[in-house]
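Each remark here refers to the structure printed beneath this line.
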Amino acid sequence: MPKFAANLSTMFTELPFMERFSAAAQAGFKGVEFLFPYEYQAADIKRCLTENNLQLVLFNTLPGNVNAGEWGVTALPDQVALARKHIQLAFDYACALDCDQVHVMASVITPEMDPERCETTFIENLRYAADLFAEKGKSLLIEALNPVSRAQYLYSSQYQTLEMVKRIDRPNVFTQLDLFHAQKVDGNLTKLITEYAGQYRHIQIASLPDRHEPDEGEINYNWIFNLLDSTGYIGWVGCEYNPKQDTFSGLKWFDKYKK
(Lines give C-alpha, C1' and ligand atoms only; values in the text may rest on other atoms or scores of the structure.)
Protein backbone atom coordinates (compact mmCIF):
# COMPACT_ATOMS: atom_id res chain seq x y z
CA MET A 1 0.00 0.00 0.00
CA PRO A 2 1.46 3.40 -0.92
CA LYS A 3 2.48 5.87 1.78
CA PHE A 4 0.53 9.12 1.45
CA ALA A 5 1.82 12.58 2.34
CA ALA A 6 -0.46 15.57 2.72
CA ASN A 7 0.62 18.60 0.73
CA LEU A 8 0.31 21.45 3.22
CA SER A 9 0.45 24.10 0.50
CA THR A 10 -2.80 22.86 -1.05
CA MET A 11 -4.53 20.95 1.76
CA PHE A 12 -5.82 22.23 5.11
CA THR A 13 -5.56 25.78 3.81
CA GLU A 14 -8.52 26.66 6.03
CA LEU A 15 -5.85 26.88 8.74
CA PRO A 16 -2.68 28.93 9.16
CA PHE A 17 0.33 27.06 7.80
CA MET A 18 1.82 26.06 11.14
CA GLU A 19 -1.50 24.57 12.27
CA ARG A 20 -1.77 22.34 9.21
CA PHE A 21 0.74 19.84 10.60
CA SER A 22 -1.53 18.81 13.46
CA ALA A 23 -4.51 18.72 11.09
CA ALA A 24 -2.65 16.34 8.76
CA ALA A 25 -1.73 14.10 11.68
CA GLN A 26 -5.31 14.16 12.94
CA ALA A 27 -6.48 13.08 9.48
CA GLY A 28 -4.16 10.07 9.60
CA PHE A 29 -1.22 11.17 7.47
CA LYS A 30 2.28 10.11 8.48
CA GLY A 31 4.10 12.32 5.99
CA VAL A 32 3.79 15.86 4.69
CA GLU A 33 5.19 17.92 1.84
CA PHE A 34 4.84 21.56 0.85
CA LEU A 35 6.11 24.00 -1.73
CA PHE A 36 8.37 26.34 0.24
CA PRO A 37 9.46 26.49 3.89
CA TYR A 38 11.59 29.61 3.69
CA GLU A 39 9.34 32.20 5.33
CA TYR A 40 9.42 30.12 8.51
CA GLN A 41 12.28 29.21 10.80
CA ALA A 42 13.44 25.65 10.30
CA ALA A 43 13.34 25.09 14.07
CA ASP A 44 9.64 26.00 14.19
CA ILE A 45 8.79 23.62 11.35
CA LYS A 46 10.89 20.90 12.95
CA ARG A 47 8.98 21.32 16.19
CA CYS A 48 5.65 20.89 14.37
CA LEU A 49 6.92 17.77 12.66
CA THR A 50 8.20 16.27 15.90
CA GLU A 51 5.13 17.12 17.97
CA ASN A 52 2.86 15.47 15.39
CA ASN A 53 5.12 12.51 14.59
CA LEU A 54 5.30 13.50 10.92
CA GLN A 55 8.00 12.98 8.33
CA LEU A 56 8.78 15.76 5.87
CA VAL A 57 9.19 14.06 2.50
CA LEU A 58 9.58 16.90 -0.02
CA PHE A 59 9.82 20.65 -0.60
CA ASN A 60 11.06 22.88 -3.44
CA THR A 61 13.87 25.29 -4.04
CA LEU A 62 12.80 28.93 -4.19
CA PRO A 63 10.81 30.02 -7.26
CA GLY A 64 12.52 33.35 -7.90
CA ASN A 65 10.52 36.46 -8.78
CA VAL A 66 7.05 35.00 -9.29
CA ASN A 67 5.52 38.41 -9.98
CA ALA A 68 7.91 38.77 -12.92
CA GLY A 69 6.87 35.37 -14.31
CA GLU A 70 9.71 33.29 -12.89
CA TRP A 71 9.11 29.78 -11.64
CA GLY A 72 12.59 28.73 -10.63
CA VAL A 73 15.92 30.22 -11.70
CA THR A 74 18.08 27.10 -12.03
CA ALA A 75 18.02 27.13 -15.83
CA LEU A 76 18.62 30.85 -16.28
CA PRO A 77 22.15 31.55 -17.58
CA ASP A 78 22.30 35.00 -15.99
CA GLN A 79 21.16 33.75 -12.57
CA VAL A 80 23.72 31.06 -11.74
CA ALA A 81 24.90 32.75 -8.55
CA LEU A 82 21.30 33.15 -7.33
CA ALA A 83 20.42 29.59 -8.30
CA ARG A 84 23.31 28.24 -6.25
CA LYS A 85 22.31 30.43 -3.33
CA HIS A 86 18.84 28.88 -3.53
CA ILE A 87 20.37 25.41 -3.69
CA GLN A 88 22.47 26.07 -0.60
CA LEU A 89 19.45 27.40 1.29
CA ALA A 90 17.39 24.33 0.35
CA PHE A 91 20.26 22.10 1.47
CA ASP A 92 20.39 23.84 4.84
CA TYR A 93 16.65 23.42 5.35
CA ALA A 94 16.76 19.78 4.21
CA CYS A 95 19.44 19.04 6.77
CA ALA A 96 17.67 20.90 9.56
CA LEU A 97 14.32 19.22 8.78
CA ASP A 98 15.65 15.70 8.11
CA CYS A 99 14.16 15.77 4.61
CA ASP A 100 15.80 13.28 2.27
CA GLN A 101 14.84 14.86 -1.04
CA VAL A 102 14.25 18.26 -2.59
CA HIS A 103 12.65 19.23 -5.87
CA VAL A 104 14.87 21.65 -7.78
CA MET A 105 12.69 24.01 -9.79
CA ALA A 106 13.92 24.64 -13.32
CA SER A 107 12.71 27.85 -15.01
CA VAL A 108 10.21 29.35 -17.38
CA ILE A 109 12.01 29.75 -20.72
CA THR A 110 10.79 32.80 -22.59
CA PRO A 111 11.05 33.08 -26.41
CA GLU A 112 14.09 35.37 -26.37
CA MET A 113 16.13 32.82 -24.39
CA ASP A 114 18.36 30.17 -25.97
CA PRO A 115 16.81 26.81 -24.94
CA GLU A 116 20.07 24.87 -25.37
CA ARG A 117 21.98 27.32 -23.21
CA CYS A 118 19.23 27.11 -20.58
CA GLU A 119 19.43 23.32 -20.59
CA THR A 120 23.21 23.43 -20.24
CA THR A 121 22.91 25.87 -17.33
CA PHE A 122 20.34 23.64 -15.65
CA ILE A 123 22.51 20.55 -16.02
CA GLU A 124 25.55 22.31 -14.58
CA ASN A 125 23.58 23.65 -11.65
CA LEU A 126 22.01 20.26 -10.96
CA ARG A 127 25.41 18.59 -10.94
CA TYR A 128 26.59 21.17 -8.45
CA ALA A 129 23.48 20.60 -6.32
CA ALA A 130 23.68 16.81 -6.59
CA ASP A 131 27.26 16.76 -5.36
CA LEU A 132 26.34 19.00 -2.43
CA PHE A 133 23.30 16.96 -1.42
CA ALA A 134 25.20 13.69 -1.81
CA GLU A 135 27.43 14.75 1.09
CA LYS A 136 24.46 14.07 3.39
CA GLY A 137 22.98 11.17 1.43
CA LYS A 138 20.13 13.25 0.05
CA SER A 139 18.48 13.15 -3.38
CA LEU A 140 17.21 15.71 -5.85
CA LEU A 141 14.12 15.56 -8.03
CA ILE A 142 13.10 17.29 -11.24
CA GLU A 143 9.50 17.58 -12.39
CA ALA A 144 7.72 18.18 -15.70
CA LEU A 145 4.88 20.72 -15.58
CA ASN A 146 2.09 20.71 -18.13
CA PRO A 147 1.90 23.86 -20.29
CA VAL A 148 -1.62 24.77 -19.17
CA SER A 149 -0.54 25.00 -15.53
CA ARG A 150 2.88 26.50 -16.28
CA ALA A 151 3.48 27.75 -19.80
CA GLN A 152 7.01 27.67 -21.26
CA TYR A 153 8.52 25.68 -18.40
CA LEU A 154 11.83 24.01 -19.27
CA TYR A 155 10.12 20.65 -19.71
CA SER A 156 6.49 19.57 -19.95
CA SER A 157 6.78 15.83 -20.66
CA GLN A 158 7.86 13.07 -18.31
CA TYR A 159 10.04 11.73 -21.10
CA GLN A 160 11.92 15.01 -21.17
CA THR A 161 12.72 14.78 -17.47
CA LEU A 162 13.74 11.13 -17.81
CA GLU A 163 16.19 12.14 -20.54
CA MET A 164 17.38 15.14 -18.52
CA VAL A 165 18.24 12.88 -15.58
CA LYS A 166 20.47 10.85 -17.90
CA ARG A 167 22.23 14.01 -19.05
CA ILE A 168 22.75 15.26 -15.50
CA ASP A 169 24.42 11.92 -14.78
CA ARG A 170 24.39 11.92 -11.02
CA PRO A 171 23.22 8.87 -9.00
CA ASN A 172 21.13 10.93 -6.59
CA VAL A 173 19.02 12.77 -9.21
CA PHE A 174 15.62 11.30 -10.10
CA THR A 175 12.33 12.28 -11.68
CA GLN A 176 9.29 13.40 -9.74
CA LEU A 177 6.27 11.75 -11.34
CA ASP A 178 3.26 14.01 -10.93
CA LEU A 179 0.40 12.01 -12.42
CA PHE A 180 -1.76 15.11 -12.89
CA HIS A 181 0.83 16.68 -15.19
CA ALA A 182 1.69 13.34 -16.79
CA GLN A 183 -1.88 12.57 -17.76
CA LYS A 184 -2.34 16.02 -19.29
CA VAL A 185 0.77 15.75 -21.47
CA ASP A 186 1.79 12.12 -21.93
CA GLY A 187 -1.10 9.84 -20.98
CA ASN A 188 -0.47 6.09 -20.82
CA LEU A 189 0.28 6.22 -17.10
CA THR A 190 0.64 2.44 -16.97
CA LYS A 191 3.66 2.61 -19.26
CA LEU A 192 5.25 5.40 -17.26
CA ILE A 193 4.74 3.60 -13.96
CA THR A 194 5.84 0.14 -15.10
CA GLU A 195 8.55 0.74 -17.70
CA TYR A 196 10.32 3.48 -15.75
CA ALA A 197 10.00 2.04 -12.25
CA GLY A 198 13.06 2.95 -10.24
CA GLN A 199 13.69 6.14 -12.20
CA TYR A 200 11.14 8.18 -10.23
CA ARG A 201 11.46 8.65 -6.48
CA HIS A 202 8.34 10.61 -5.65
CA ILE A 203 4.78 10.60 -6.99
CA GLN A 204 2.10 13.26 -6.72
CA ILE A 205 -1.60 12.86 -7.39
CA ALA A 206 -4.72 14.89 -8.15
CA SER A 207 -7.84 14.31 -10.18
CA LEU A 208 -8.32 15.45 -13.75
CA PRO A 209 -9.48 17.79 -15.08
CA ASP A 210 -10.02 19.90 -11.97
CA ARG A 211 -7.12 18.90 -9.67
CA HIS A 212 -9.37 17.86 -6.80
CA GLU A 213 -9.51 14.73 -4.64
CA PRO A 214 -8.30 11.53 -6.35
CA ASP A 215 -11.65 9.74 -6.08
CA GLU A 216 -13.13 11.65 -9.04
CA GLY A 217 -12.18 12.43 -12.61
CA GLU A 218 -10.60 10.45 -15.43
CA ILE A 219 -7.79 8.65 -13.56
CA ASN A 220 -8.69 5.44 -11.71
CA TYR A 221 -6.42 5.98 -8.75
CA ASN A 222 -7.44 2.80 -6.95
CA TRP A 223 -6.06 0.91 -9.92
CA ILE A 224 -2.97 3.15 -10.02
CA PHE A 225 -2.21 2.52 -6.34
CA ASN A 226 -2.43 -1.24 -6.88
CA LEU A 227 -0.14 -0.89 -9.89
CA LEU A 228 2.42 0.97 -7.78
CA ASP A 229 2.36 -1.88 -5.29
CA SER A 230 2.88 -4.44 -8.04
CA THR A 231 5.90 -2.56 -9.39
CA GLY A 232 7.50 -2.41 -5.95
CA TYR A 233 7.25 1.34 -5.47
CA ILE A 234 8.19 2.17 -1.87
CA GLY A 235 8.33 5.98 -2.04
CA TRP A 236 5.75 8.50 -0.94
CA VAL A 237 2.64 9.64 -2.79
CA GLY A 238 2.11 13.34 -2.30
CA CYS A 239 -1.49 14.57 -2.30
CA GLU A 240 -1.01 17.80 -4.22
CA TYR A 241 -4.65 18.53 -4.90
CA ASN A 242 -7.05 21.37 -4.19
CA PRO A 243 -9.96 20.15 -2.06
CA LYS A 244 -13.37 20.83 -3.56
CA GLN A 245 -14.63 22.13 -0.22
CA ASP A 246 -12.93 21.91 3.16
CA THR A 247 -10.10 19.39 3.36
CA PHE A 248 -11.56 17.08 6.02
CA SER A 249 -14.89 16.56 4.24
CA GLY A 250 -13.05 15.45 1.13
CA LEU A 251 -10.91 12.79 2.82
CA LYS A 252 -13.31 9.86 2.60
CA TRP A 253 -11.13 8.45 -0.20
CA PHE A 254 -8.27 8.22 2.29
CA ASP A 255 -10.06 6.14 4.92
CA LYS A 256 -9.06 2.76 3.48
CA TYR A 257 -5.43 3.79 3.02
CA LYS A 258 -4.72 4.91 6.58
CA LYS A 259 -2.07 2.81 8.28
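For the numbers below, each heavy atom of this structure counts, side chains included, while hydrogens, waters and symmetry mates do not.
- Under the 4.5 Å side-chain heavy-atom criterion for ILVMFWY residues, a single connected hydrophobic cluster contains both I219 and L145.
- The shortest side-chain heavy-atom distance between I203 and L228 falls under the 4.5 Å cut-off.
- A donor-acceptor pair under 3.5 Å links the side-chain atoms of N172 to the main chain of K138, judged by distance alone.
- Ring centroids of F59 and F36 are separated by 6.0 Å or more, keeping the two rings apart.
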For Q55 and K30, what are the C-alpha separation, side-chain angles and deciding distance, and is it a side chain to side chain contact (heavy atoms under 4.5 Å, CB included)?
-> CA-CA 6 Å; Q55 181 177 346; K30 305 299 183 184; over 6 Å; no
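- Within the 4.5 Å cutoff, the side chain of E213 has no heavy atoms near those of the N242 side chain.
- N226 places a side-chain N or O within donor-acceptor distance of the main-chain N or O of N222, the cut-off being under 3.5 Å.
- Atom CG of D255 has more than 12 neighbouring heavy atoms from other residues, nucleotides or ligands inside a 6.0 Å radius.
- Under the 4.0 Å criterion applied to side-chain N and carboxylate O atoms, K191 and D186 are not assigned as salt-bridge partners.
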Tell me, with the steps shown, if Q204 and E33 meet side-chain hydrogen bond (donor to acceptor under 3.5 Å, both in side chains).
-> CA-CA 10 Å; Q204 290 177 320; E33 62 179 29; 3.0 Å; yes
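- At a threshold of 4.5 Å between side-chain heavy atoms, the hydrophobic network of Ile, Leu, Val, Met, Phe, Trp and Tyr places L89 and L132 in one connected group.
- Using modelled atom types, one finds no donor on one side chain facing an acceptor on the other under 3.5 Å when comparing E143 with T175.
- The distance from the OG atom of S139 to the CG atom of L58 is 11.0 Å, given to the nearest 0.5 Å.
- Comment: D44 engages R47 in a salt bridge, judged by a side-chain N to carboxylate O separation of less than 4.0 angstrom.
- Between Y155 and Y153, the ring planes lie perpendicular to each other; the angle is over 60°, past the 30° to 60° tilted range.
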Verdict with reasoning, L177 to H202, per side chain to side chain contact (heavy atoms under 4.5 Å, CB included) | CA-CA 6 Å; L177 178 57; H202 190 74; over 6 Å; no
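- Annotation: the span from I224 atom CD1 to I205 atom CD1 amounts to 10.0 Å, rounded to 0.5 Å.
- Shown here is E116, whose CD atom has no more than 12 heavy atoms of other residues, nucleotides or ligands within 6.0 Å.
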Does the ring pair (Phe, Tyr, Trp, His ring centres under 6.0 Å) test come out yes or no for F17 and Y40, once each step is laid out?
-> CA-CA 10 Å; F17 179 75; Y40 305 96; 4.8 Å; yes
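- Between atom OG1 of residue T231 and atom OH of residue Y233 there is a gap of 9.5 Å, rounded to the nearest 0.5 Å.
- Residues A23 and L15 approach most closely at CB-CD1, 3.6 Å, considering heavy atoms.
- In this structure the side chain of V57 never reaches within 4.5 angstrom of the side chain of D100, judged on heavy atoms.
- In this structure, the ring of Y200 has its center no less than 6.0 angstrom from the ring center of F174.
- Looking at every heavy atom in both residues, A5 comes nearest to F29 through C-CD2, 4.0 Å.
- Judged by distance alone, with hydrogens and angles left aside, the side-chain atoms of S157 form a donor-acceptor pair with the main-chain N or O of Y159 at under 3.5 Å.
- A heavy-atom distance below 4.5 Å is not found between the side chains of I234 and P2.
- The local environment of CD in Q41 is sparse, with at most 12 non-hydrogen atoms from other residues, nucleotides or ligands closer than 6.0 Å.
- Within the 3.5 Å criterion, the main-chain N or O of D246 finds a donor-acceptor partner in the side chain of S249.
- Not a single donor-acceptor pair under 3.5 Å links the side chain of T247 to the backbone N or O of M11.
- A salt bridge links R170 and D131; the closest N-O separation between the charged side-chain nitrogens and carboxylate oxygens is under 4.0 Å.
- R20 contributes a side-chain N or O that, together with a main-chain N or O of L8, makes up a donor-acceptor pair within less than 3.5 Å.
- Side-chain atoms of Y196 and Q158, non-hydrogen and from C-beta on, never get closer than 4.5 Å to each other.
- Of the options T161, L162, T74, a side chain to side chain contact (heavy atoms under 4.5 Å, CB included) to I142 is made by T161 and by none of the others.
- No side-chain donor-acceptor contact under 3.5 Å links D210 to the backbone of H212.
- Of all heavy-atom pairs spanning S156 and Q160, the tightest one is N-OE1, 2.8 Å.
- The backbone N or O of G72 sits less than 3.5 Å from a side-chain atom of S107, completing a donor-acceptor pair.
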Please assess F34 against T10 for the test side chain to side chain contact (heavy atoms under 4.5 Å, CB included), listing each intermediate value before the final yes or no.
-> CA-CA 8 Å; F34 40 71; T10 62; over 6 Å; no
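- Not less than 6.0 angstrom separates the ring centroid of F21 from the ring centroid of F12.
- Between L192 and G187, the closest heavy-atom pair is CD1-O, 3.9 Å.
- In this structure a side-chain-to-backbone donor-acceptor pair under 3.5 Å is missing from K3 to G31.
- Within the model, atoms SG of C118 and CD1 of I109 stand 3.5 Å from one another, a figure rounded to the nearest 0.5 Å.
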Could you walk me through whether D98 and K46 pass salt bridge (Lys or Arg N to Asp or Glu O under 4.0 Å), step by step?
-> CA-CA 9 Å; D98 295 323; K46 181 62 176 175; 2.6 Å; yes
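- Ion pairing between D169 and K166 fails under the 4.0 Å rule for side-chain N and carboxylate O.
- Here the CD-CE distance, from E119 to M113, works out to 13.5 Å after rounding to the nearest 0.5 Å.
- Nearest heavy atoms, A90 versus Y38: CB-OH, 3.4 Å.
- No side-chain heavy atom of R117 sits less than 4.5 Å from a side-chain heavy atom of T120.
- In terms of hydrophobic clustering, with Ile, Leu, Val, Met, Phe, Trp and Tyr side chains grouped at heavy-atom distances under 4.5 Å, V165 and L154 are assigned to a common cluster.
- Criterion: ILVMFWY side-chain heavy atoms under 4.5 Å apart, direct or through other members. Under it, L140 and I87 are part of a common hydrophobic cluster.
- Under the 4.5 Å side-chain criterion, counting only non-hydrogen atoms from C-beta, V32 is in contact with L49.
- For the ring pair (Phe, Tyr, Trp, His ring centres under 6.0 Å) with F4, the lone residue among Y241, W236, F225 that qualifies is F225.
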Please step through side chain to side chain contact (heavy atoms under 4.5 Å, CB included) for the pair V102 and F91, ending with a clear verdict.
-> CA-CA 8 Å; V102 169; F91 176 75; over 6 Å; no
Could you give the side-chain donor-acceptor pairs of residues 60-69 under 3.5 Å, partners two or more places apart or in another chain?
{"from": "N60", "atom 1": "OD1", "to": "H103", "atom 2": "ND1", "distance (Å)": "3.0"}
{"from": "T61", "atom 1": "OG1", "to": "M105", "atom 2": "N", "distance (Å)": "3.0"}
{"from": "N65", "atom 1": "OD1", "to": "N67", "atom 2": "N", "distance (Å)": "3.3"}
{"from": "N65", "atom 1": "OD1", "to": "A68", "atom 2": "N", "distance (Å)": "3.2"}

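- Going from atom OH of Y257 over to atom CG of L251 covers 13.0 Å, rounded to the nearest 0.5 Å.
- Closest of all the heavy-atom pairs between V173 and A130 is CG2-CB, 3.7 Å.
- Note on M164 and V80: separate hydrophobic clusters, where clusters join Ile, Leu, Val, Met, Phe, Trp and Tyr whose side-chain heavy atoms are under 4.5 Å apart, directly or indirectly.
- Two residues are said to be in side-chain contact when any heavy atoms from C-beta on lie closer than 4.5 Å; R150 and H181 fail this criterion.
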